[in-house]
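Some notes on the structure that comes next.
Letters A, B, ... are given to chains in the order of the sequence lines, protein chains preceding strands, and every chain is numbered from 1.
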There are 2 protein chains.
Amino acid sequence: MNIDLLKHAQVQAQLAAEPPKDPQIQALVNELISRVADKWTMIILDVLAEQGALRFTQLANKVTGISQKMLTQTLREMEREGLVTRTVYPVVPPKVEYRLTDLGLSLGAAFCGVWIWAEQNLGAIEQARAAYKLRNNQGNGK
Amino acid sequence: MNIDLLKHAQVQAQLAAEPPKDPQIQALVNELISRVADKWTMIILDVLAEQGALRFTQLANKVTGISQKMLTQTLREMEREGLVTRTVYPVVPPKVEYRLTDLGLSLGAAFCGVWIWAEQNLGAIEQARAAYKLRNNQGNGK
DNA sequence: CGGAATCCGGTACGATACTG
DNA sequence: CAGTATCGTACCGGATTCCG
């Protein structure tokens, strides 16, 4: 039964006063979001969702701009949270494959709306940035 | 169950053969996600989506654990991106109100799926964490 | 008095070098 | 190839100070 979830969605839609929601739950959810709402986590999640299984270096190439350290760290974190599985093949050239779990896939699906939003609003964001610059007298070097 | 999410999940599953996607667009979207996928941004976004308009201190109270500095900084960033509007009332006790723009509201709606996911999978994550601990025999003093 | 800018200590991050 | 180790740096958090 997803009544709570529907209620939550409706509340979001009408932006009104929040019904009695467990502040404890709220805090837990916030904490969970804090861990998951990381830029590297999100991008890795997306890449893995698209590519299926990938090796360490493959991942490093797909996720442009990440350092090995952060890649390792983020992958470990995601493994801890149960979002990815790490499979080590004990062969002479070491081979480690990363793959999303069902939990990871479901998060990817949930996050899909944000990617769509990002694609749709690229232009709007750029305009907003330009407008902000103007508002703050862009020429000011200070 | 949410049909859209399931459909997205299926699409994600078979995305290996994704149609020609512009790598330029991909990079831009990635960069945009990098800015938006920040834990404080997400939580502030959620609080503002629920509460409508809030003053600085109200926000500081609702967003548990944030420092004034990060709150100011994140709000400025969100203002730059066009997610929130900042209204200053030039009165004796200073009053500054923050409110989501349409863009911010749409992002909140897009991110709603992630909040629902978080609520649904709180238990699963905890279990995954416990399982990971066991796998790595936590007792190991390393 | 509320909101933001400033200084300072800690931590997380990036780049490089090294190991199995 | 897939990490770990080390170090310099940039960012984050806390307290203080400043401004309206």
Side-chain angles (χ1 to χ4, degrees), chain A residues 30-31 33-44 47-48 51-81 84-100 132 135-137 140-142, chain B residues 30-31 33-44 47-48 51 53-81 84-99 132 135-137 140-142:
Chain A
N30 267 25
E31 195 231 0
I33 292 285
S34 297
R35 301 194 191 217
V36 155
D38 168 65
K39 69 173 189 172
W40 293 131
T41 304
M42 285 306 143
I43 294 179
I44 291 174
V47 170
L48 281 179
Q51 307 289 332
L54 282 168
R55 303 175 58 173
F56 188 84
T57 345
Q58 310 263 347
L59 220 40
N61 291 336
K62 292 277 179 189
V63 183
T64 26
I66 198 172
S67 61
Q68 287 97 335
K69 187 179 180 179
M70 276 317 290
L71 183 55
T72 304
Q73 194 171 310
T74 309
L75 283 171
R76 286 285 144 77
E77 179 74 13
M78 293 174 76
E79 195 192 351
R80 278 187 67 242
E81 311 272 347
V84 302
T85 57
R86 179 173 177 271
T87 315
V88 183
Y89 297 91
V91 291
V92 182
K95 182 177 176 179
V96 181
E97 262 191 6
Y98 294 91
R99 178 185 295 273
L100 289 186
Y132 182 89
R135 235 177 299 139
N136 279 31
N137 58 338
N140 191 354
K142 176 73 181 292
Chain B
N30 266 24
E31 196 231 0
I33 291 287
S34 297
R35 299 191 192 220
V36 154
D38 168 67
K39 69 174 190 173
W40 294 130
T41 304
M42 285 307 143
I43 294 179
I44 291 174
V47 169
L48 281 179
Q51 307 289 331
L54 282 166
R55 303 177 53 178
F56 187 84
T57 348
Q58 311 261 345
L59 221 40
N61 291 337
K62 291 277 180 188
V63 184
T64 28
I66 199 172
S67 62
Q68 287 101 334
K69 187 179 182 178
M70 275 317 289
L71 184 54
T72 302
Q73 194 171 309
T74 308
L75 284 171
R76 285 285 145 78
E77 177 74 13
M78 292 173 77
E79 194 192 354
R80 279 186 66 242
E81 312 273 346
V84 301
T85 59
R86 177 171 178 272
T87 314
V88 182
Y89 298 91
V91 292
V92 182
K95 180 176 175 181
V96 182
E97 260 191 9
Y98 294 92
R99 180 185 294 272
Y132 182 87
R135 234 178 298 138
N136 278 32
N137 57 337
N140 189 356
K142 173 63 185 300

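A:Val36 has its side chain within reach of A:Met42: a pair of non-hydrogen atoms, C-beta onward, lies under 4.5 Å apart. Proximity of B:Glu79 to A:Arg135: side-chain heavy atoms (C-beta onward) are separated by under 4.5 Å at one or more points. Residues A:Ile66 and A:Leu59 have side chains not in contact (no heavy-atom distance under 4.5 Å, counting atoms from C-beta outward). Side-chain atoms of A:Glu81 and B:Tyr132, non-hydrogen and from C-beta on, never get closer than 4.5 Å to each other.
Distances shown here put a side-chain N or O of A:Tyr98 below 4.0 Å from the OP1 or OP2 atom of D:dG3.
Between A:Ile66 atom CD1 and C:dA12 atom C1' there is a gap of 14 Å when expressed in whole angstrom units. We find that CH2 of B:Trp40 is positioned 15 Å from C1' of D:dC11, with the value rounded to whole Å. The distance between atom CG of B:Leu75 and atom C1' of C:dG2, rounded to the nearest whole Å, is 14 Å. Following rounding to the nearest Å, B:Phe56 (CZ) and C:dG2 (P) show an atom-to-atom distance of 12 Å. In this entry the distance linking CG of B:Asp38 with P of C:dA12 reads 15 Å, nearest Å. If you measure from atom CD of A:Gln73 to atom P of D:dA5, you get 13 Å, rounded to the nearest angstrom. Look at OH on A:Tyr89: it is 13 Å from P on D:dG3, rounded to the nearest Å. Taking atom CD of B:Gln68 as the reference point, atom P of D:dG14 lies 9 Å away to the nearest angstrom.
Residue contacts for A:Val88: at a heavy-atom cut-off of 4.0 Å it reaches no nucleic acid atom on any strand shown.
Among D:dG3, D:dG14, C:dG14, the nucleotide with an atom closest to any side-chain atom of A:Val96 is D:dG3. The side chain of A:Ser67 sits closest to C:dG14 out of C:dG14, C:dC13, C:dA4. In this structure, the nucleotide among D:dG3, D:dG14, C:dG14 sitting nearest to the side chain of A:Arg86 is D:dG3. Closest approach to the B:Arg55 side chain among D:dT4, C:dG2, C:dG14 is made by C:dG2 (side chain taken as heavy atoms from C-beta onward).
Map B:Pro94 and B:Thr72 each onto its nearest nucleotide of DNA chain C; the residue landing nearer the 5' end is B:Pro94.
Evaluation of atom-type donor-acceptor distances gives no pair under 3.5 Å for the side chain of B:Lys95 against the base of C:dG2.
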* To do: Please test B:Arg86 against B:Tyr98 for side chain to side chain donor-acceptor pair (under 3.5 Å), starting from the C-alpha separation and ending with a verdict.
  => CA-CA 5 Å; B:Arg86 177 171 178 272; B:Tyr98 294 92; 3.1 Å; yes
